[in-house]
Amino acid sequence: MKAIARRAALTAAVVSATLAVPAVADQGNSVSLSPAVAGKGSTATLDVTPPQHAGDTNPQSVVVRVARGFKFDPVAVSARCDQSHAKANTCPAKSKIGGGTADITVSTSAGLNAEKLTAAVDMFVAPPPQAGDVSGVVVHFKEPQTGQQGSVTGRIVKEASGQFGLDSRFDGLDKSFKPPAGFKVRLDHLHVTFGASRTVKKTVKKHGKKKTKKVRHNLVTNAPTCSGSWPYEVQINWSDQPFSSPGSVACSAH
């Protein structure tokens with residue numbers, strides 16, 4: 001029973017916290033891009049110690065919006081983690097785009113018997129969950145000491161207009177991941193890095209002749225212009241309280 005309870009608590013804490021990370025970037029935590037240069041392929045690093053929602057409950061949904069002009073190219077990795085592999089926690093290694101660690105505390109609702117655990121967090125490219133989506137993203141965790149693990153799949157979608165152009169959407173978190181009765185969880189610290197690139201050969205036809213050229217695909221490509229910073233917005237919805245957090249990442253034109 002204790003193992004089952006811990007597994008449910010770990011799932012709720014790690015997955016919810018991983019998806020909501022950018023919301024706390026302006027509270028003494030860091031979000032960075034390397035390089036943060038306009039038009040360049042980049043790797044993102046998130047290092048956060050988030051505040052907690054009252055009651056340690058899980059959000060119903062999380063939407064992360066980034067500046068118009070950013071691109072997400074799933075061709076940067078050669079494989080995809082479909083739903084059957086995601087559910088079996090066996091995503092192909094060639095679909096991996098990053099990962100890190102999550103330090104959490106699991107305790108009873110009264111705050112007793114607190115136990116600190118560190119889970120490994122991995123991220124993988126998945127097929128588009130819905131027609132018109134840019135891509136899917138599987139977030140997988142595993143707690144090494146117990147071997148307990150789980151995953152959730154989100155959507156990468158384009159916005160038609162406005163300052164934000166690309167969204168990461170994770171819905172139904174409260175239904176999929178619930179701590180067992182009598183337990184609560186707290187994310188103490190999260191550190192993740194994600195990004196990928198791949199060069200592929202492409203055959204083009206010019207003046208009636210076929211020619212093969214190499215094309216580089218970056219998982220994340222920065223917006224083509226920079227006026228000092230790029231905006232983002234995170235919306236997290238709990239059953240009793242919506243939370244929206246705007247922020248920005250410093251950038252340069254060259």
Side-chain angles (χ1 to χ4, degrees), residues 10-25 29-34 41-48 50 58-59 61-66 70-104 118-130 133-144 148-157 166-173 176-177 187 189-198 217-222 232 234 236 249:
L10 277 168
T11 304
V14 176
V15 174
S16 299
T18 299
L19 304 182
V21 162
V24 298
N29 302 284
S30 66
V31 176
S32 62
L33 294 168
S34 179
S42 63
T43 297
T45 297
L46 312 175
D47 198 350
V48 301
N58 301 313
S61 64
V62 176
V63 181
V64 182
R65 300 180 174 93
V66 297
F70 272 80
K71 296 180 180 180
F72 186 97
D73 186 358
V75 181
V77 293
S78 60
R80 303 289 179 270
C81 183
D82 58 28
Q83 282 301 297
S84 62
H85 285 87
K87 290 179 180 179
N89 301 311
T90 57
C91 287
K94 291 185 178 181
S95 67
K96 186 176 179 178
I97 56 175
T101 58
D103 299 323
I104 67 172
T118 297
V121 179
D122 292 308
M123 302 171 69
F124 304 87
V125 169
Q130 297 185 24
D133 290 355
V134 175
S135 180
V137 175
V138 173
V139 179
H140 171 264
F141 80 91
K142 183 175 183 179
E143 200 285 300
Q148 296 162 2
Q149 54 188 325
S151 65
V152 65
T153 300
R155 302 168 57 206
I156 307 296
V157 301
L166 203 63
D167 296 356
S168 300
R169 299 176 178 268
F170 292 84
D171 299 311
L173 299 179
S176 299
F177 303 101
L187 177 70
H189 183 255
L190 178 70
H191 181 89
V192 292
T193 298
F194 59 93
S197 63
R198 184 167 71 106
H217 294 267
N218 297 303
L219 182 76
V220 178
T221 299
N222 298 334
Y232 66 80
V234 176
I236 308 174
V249 177

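Everything numeric in this text was worked out from a predicted model, so none of it was measured.
Every residue was checked against the ring pair (Phe, Tyr, Trp, His ring centres under 6.0 Å) condition with Phe194, not counting sequence neighbours, and none meets it. Every residue was checked against the side-chain hydrogen bond (donor to acceptor under 3.5 Å, both in side chains) condition with Thr90, not counting sequence neighbours, and none meets it. Remark: Thr193 engages Thr45 in a side-chain hydrogen bond (donor to acceptor under 3.5 Å, both in side chains) (not counting sequence neighbours). With sequence neighbours left out, the side-chain hydrogen bond (donor to acceptor under 3.5 Å, both in side chains) criterion links Ser42 to Asn222.
Among all heavy-atom pairs drawn from Gly136 and Pro129, the shortest one is CA-CD, 3.7 Å. Across all non-hydrogen atoms, the minimal contact from Phe70 to Leu166 is O-CD2, 3.9 Å. Scanning both residues, Pro74 and Ser135, for their nearest heavy atoms gives CB-OG, 3.9 Å. Annotation for Cys91 and Val138: closest pair SG-CG1, 4.0 Å, computed over non-hydrogen atoms. Taking each heavy atom of His140 and Ser151 in turn, the nearest pair found is CA-CB, 4.0 Å.
Screening residues 81-102 for salt bridge (Lys or Arg N to Asp or Glu O under 4.0 Å) gives Lys96-Asp122 as the qualifying pairs, with residues at least two apart or on separate chains. The list of salt bridge (Lys or Arg N to Asp or Glu O under 4.0 Å) pairs with a residue in residues 70-80, not counting sequence neighbours, is empty.
When Val77, Thr43, Val125, Val75 are each tested for a side chain to side chain contact (heavy atoms under 4.5 Å, CB included) with Leu219, only one passes: Val125.
Residues Phe72 and Val137 form a side-chain contact, since some pair of their non-hydrogen atoms from C-beta on lies under 4.5 Å apart. Using a 4.5 Å heavy-atom threshold, the side chains of Val157 and Arg169 count as touching.
For the atom pair OG1 of Thr118 and CZ of Phe141, the computed distance is 13.0 Å after rounding to the nearest 0.5 Å. Atom SG of Cys81 is separated from atom CZ of Phe124 by 6.5 Å, given to the nearest 0.5 angstrom.
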